[in-house]
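The block underneath contains the structure these notes are about, expressed in structure tokens.
Everything numeric in this text was worked out from a predicted model, so none of it was measured.
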Amino acid sequence: MMQLHPLSQAAQQPFAAPAVLPACLNLKKGTLAAAIGFGLIGLVACQDDSGSPQAQPTMAQPDLATDTPHTPRPESTEQLLSTLTFPDSNNYPNNIQKQVQGSIAAPSSPRIYNLEAVIPPQCYTKHENKYNPCMTCHQSYDPLSRPNAMNDGDLQRAYAFSDIGKHNHWSNLFEDRRTRMAKISDQAVIDYIYTDNYSPLVERINTQTNWQDYVPNIANFQLGADAFDKTGFAKDDSGWVAFNYKPFPSTFWPTNGSTDDVIVRLPAAFRQSCDGQYSKDAYLANLSIMEMSIKDLTTISTLPIDETKACQDLNGDNQLTTVTQIKAQDHYVGGAKDRQTHKMLYPEGVEFIHSVRYVGIKKDGEIFNPPRFKELRYMKKSQFYSEADLRSRYGKEEQEKAGGALPSYTYRAEAGSSNNFGWVLQGYIEDKTGSLRQQTQEETAFCMGCHTTIGSTIDQTFAFGRKVTGAKGWGYINLKGMSDAPNVGMQQGEIFNYMSAVGGGDEFRQNVEMLNRWFNDQNQPIADKVKGKDVYTLITPSVERALDLNKAYMTIVADQDFIQGRDANITPATNVYQEVDEATAPVLPENKTRHYDIRLDW
């Protein structure tokens with residue numbers, strides 16, 4: 001394991017068990033040793049007689065290499081599940097343990113390890129003259145068809161890196177984690193992912209004075225779908241709305257290490273009727289108008305909207321009635337009637353929260369979004385730029401890159417970091433005990449590359465443009481029953497098309513389970529196996545793989561070496577360059593380049 005950053009050193013301190021265990025500790029039978037072996041004693045909060053959480057002292061993460069391997073798993077998934085203890089469904093979610101919250105401040109980072117942290121690990125994949133994982137990010141479109149003028153489709157073919165970028169700094173890709181994973185019991189994983197580390201973060205932030213950052217306060221957000229009503233509106237009336245979307249290929253497929261969700265909120269005026277009072281009808285109308293703008297649609301289906309609350313004839317029938325289909329508008333409605341719409345651009349003030357979570361496992365083996373977060377990501381459009389302004393900024397970025405300048409962003413730990421295109425980004429990630437903390441400057445730079453200057457995004461975002469279109473897309477993310485819709489302009493399902501281009505179930509072509517499930521011996525998906533399957537079936541892992549992915553990532557948390565990579569690879573990557581020599585690296589043949597639109601034809 002490479003130790004290249006001072007932040008990693010604390011994770012290597014020897015682990016000492018407490019002389020006296022907390023009296024209120026309530027670990028399941030047979031898991032005490034496992035919990036001690038992964039430091040879980042410090043990850044839970046006990047409760048007093050009143051049911052209020054009682055924080056217990058946190059403990060350092062152990063050096064997993066010193067622990068004793070656990071017994072082999074049963075052969076069948078059913079047998080494996082029967083050996084695991086899950087929270088009692090009759091008392092769920094009241095019996096979820098709470099993380100003991102540590103410091104929320106980002107650790108000090110005396111030096112920058114990777115000045116090109118904006119280049120993600122996937123960009124170093126070996127394409128071998130035939131595979132094209134680069135198509136999902138790097139695209140060139142008709143110059144007048146959209147505000148994104150990055151036009152970087154040529155990067156599908158060539159490794160065009162700066163001198164610093166030619167070295168792959170994501171060294172965690174090449175670590176073999178199996179020995180360390182063997183020291184973590186399956187039960188320890190279940191206990192860990194069912195621990196809530198979100199609400200303690202909010203509670204800790206609320207105690208801070210002079211806090212400048214956004215407070216990500218959505219009641220019971222750790223519970224995923226249970227925090228929202230059936231139409232996606234947060235039950236706490238905070239204005240946050242969940243939407244159902246297709247995860248972006250393939251980093252955000254659960255089979256490759258994480259589950260996630262994305263929620264959106266428009267400014268207060270967009271949530272109000274003409275009289276300044278809150279109106280769900282006006283809010284839903286504005287959300288639908290924004291969806292049409294982002295997807296460049298002329299009409300859209302909606303949940304029932306009372307046009308009298310929106311103060312606008314939305315379907316063009318010259319009447320104010322309750323409608324379920326509306327037309328594109330040149331302005332938003334209700335309290336935001338003075339705000340113009342813009343093709344493929346969000347209005348100023350829109351906010352997104354993206355929770356990146358472990359791969360949850362239910363008692364029956366279902367994969368779901370568990371209470372524990374890996375990361376909490378936040379974006380706000382703090383300044384609106386016109387299409388002309390954006391083209392100028394893309395041009396400036398291109399000139400700076402051609403001149404050899406490295407990416408540069410303003411980092412403000414609490415206030416968020418500007419991507420120079422109107423958006424402020426902020427992120428929280430686990431510390432070595434599993435408590436969420438602010439990301440460092442370099443850790444935040446990892447997010448900037450994808451949310452700044454790549455050709456395929458719509459206004460620097462991914463998920464909302466991939467929402468199930470119209471009325472059916474409002475509600476918490478649910479992959480079950482979701483069809484493998486094709487991308488706009490394509491005929492084949494996106495997942496099938498992606499696997500055909502990439503030659504695997506992930507960019508690195510190392511997800512063996514996906515290869516065994518869906519591919520032939522030529523690394524091509526078998527149409528009869530893939531077609532007709534829903535998204536859940538296609539991209540969620542087995543229980544065994546889910547446990548292993550969680551264990552792999554837990555070792556990264558223990559090391560705190562996120563600057564060396566966050567991918568939960570189990571074995572060392574072999575289809576990835578450690579060093580790119582542009583003089584000898586192959587150029588992808590032109591006939592292997594692919595057109596790709598992140599929007600979907602539902």
Side-chain angles (χ1 to χ4, degrees), residues 21-32 34-35 38-58 81-102 186-207 215-230 232-238 240 242 259-261 263 353 355 357-374 376 430 433-436 475-478 546 550:
L21 294 176
C24 61
L25 189 64
N26 182 25
L27 289 176
K28 303 171 182 65
K29 182 179 180 181
T31 67
L32 179 57
F38 198 70
L40 291 182
I41 302 299
L43 298 179
V44 299
C46 300
Q47 292 185 337
D48 59 22
D49 293 338
S50 69
S52 301
Q54 270 188 323
Q56 297 298 317
T58 57
L81 290 168
S82 71
T83 67
L84 301 174
T85 303
F86 294 82
D88 183 2
S89 59
N90 294 323
N91 196 31
Y92 186 83
N94 296 325
N95 54 356
I96 292 178
Q97 295 283 3
K98 292 180 70 173
Q99 170 80 40
V100 176
Q101 180 65 42
D186 292 336
Q187 185 63 56
V189 173
I190 297 300
D191 294 342
Y192 190 70
I193 66 175
Y194 274 94
T195 301
D196 166 24
N197 64 346
Y198 166 76
S199 58
L201 169 69
V202 177
E203 292 165 6
R204 183 65 178 269
I205 289 175
N206 285 333
T207 67
V215 180
N217 191 4
I218 303 100
N220 297 316
F221 189 29
Q222 71 276 12
L223 303 181
D226 289 344
F228 305 89
D229 66 22
K230 291 183 179 180
F233 284 72
K235 293 177 181 178
D236 66 357
D237 296 326
S238 59
W240 287 101
T259 59
D260 69 342
D261 54 34
I263 59 178
I353 286 180
S355 80
R357 309 190 187 210
Y358 284 79
V359 183
I361 303 165
K362 292 186 177 180
K363 187 175 183 178
D364 62 1
E366 178 184 343
I367 301 300
F368 81 116
N369 291 9
R372 176 167 289 279
F373 289 23
K374 291 181 174 180
L376 181 66
E430 288 180 288
T433 71
S435 172
L436 290 170
Y476 192 76
I477 186 170
N478 181 12
N550 289 331

If I compare all heavy atoms of [X] with all of [Y], which pair ends up nearest, and what's the gap?
X	Y	result
Asn550	Ile193	ND2-CG2, 4.0 Å
Ala227	Ala219	CB-O, 3.5 Å
Ile96	Pro371	CD1-CG, 3.7 Å

Results of salt bridge (Lys or Arg N to Asp or Glu O under 4.0 Å) for [X] - residues two or more places apart only:
X	answer
Lys363	none
Asp196	none
Asp229	Lys280

Using 30° and 60° as the class limits, which term best fits the ring planes of Phe368 and Tyr194: parallel, tilted or perpendicular?
tilted
Measuring from atom CG of Asn369 to atom OG of Ser355, what distance do you get when rounded to the nearest 0.5 angstrom?
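The distance works out to 6.5 Å.
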State the OH-CZ distance between Tyr198 and Arg372, to the nearest 0.5 angstrom.
15.0 Å
Contact between [X] and [Y] at the side-chain level, heavy atoms closer than 4.5 Å - yes or no?
X	Y	answer
Phe86	Leu81	yes
Arg204	Pro200	no
Thr85	Ile190	no

What verdict does the side-chain contact (heavy atoms from CB on, under 4.5 Å) test give for Gln222 and Asn220, after you've listed the backbone C-alpha separation in whole Å, the side-chain angles of each residue and the deciding distance to 0.1 Å?
CA-CA 5 Å; Gln222 71 276 12; Asn220 297 316; 3.8 Å; yes
Would you say the side chains of Gln101 and Ser435 form a donor-acceptor pair under 3.5 Å?
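Note: Gln101 and Ser435 side chains meet the donor-acceptor criterion.
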Do any N or O atoms from the side chain of [X] and from the backbone of [Y] form a donor-acceptor pair under 3.5 angstrom?
X	Y	answer
Asn197	Glu430	no
Ser238	Ala234	no
Lys98	Ser199	no

Assess whether salt bridge (charged side-chain N to carboxylate O under 4.0 Å, His left out) is satisfied between Arg357 and Asp261, documenting all intermediate values.
CA-CA 8 Å; Arg357 309 190 187 210; Asp261 54 34; 3.0 Å; yes
Within 45° of the six-membered ring axis of Tyr358 and under 6.0 Å from that ring's centre, is NZ or CZ of Lys374 located there?
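Checked: cation-pi criterion met.
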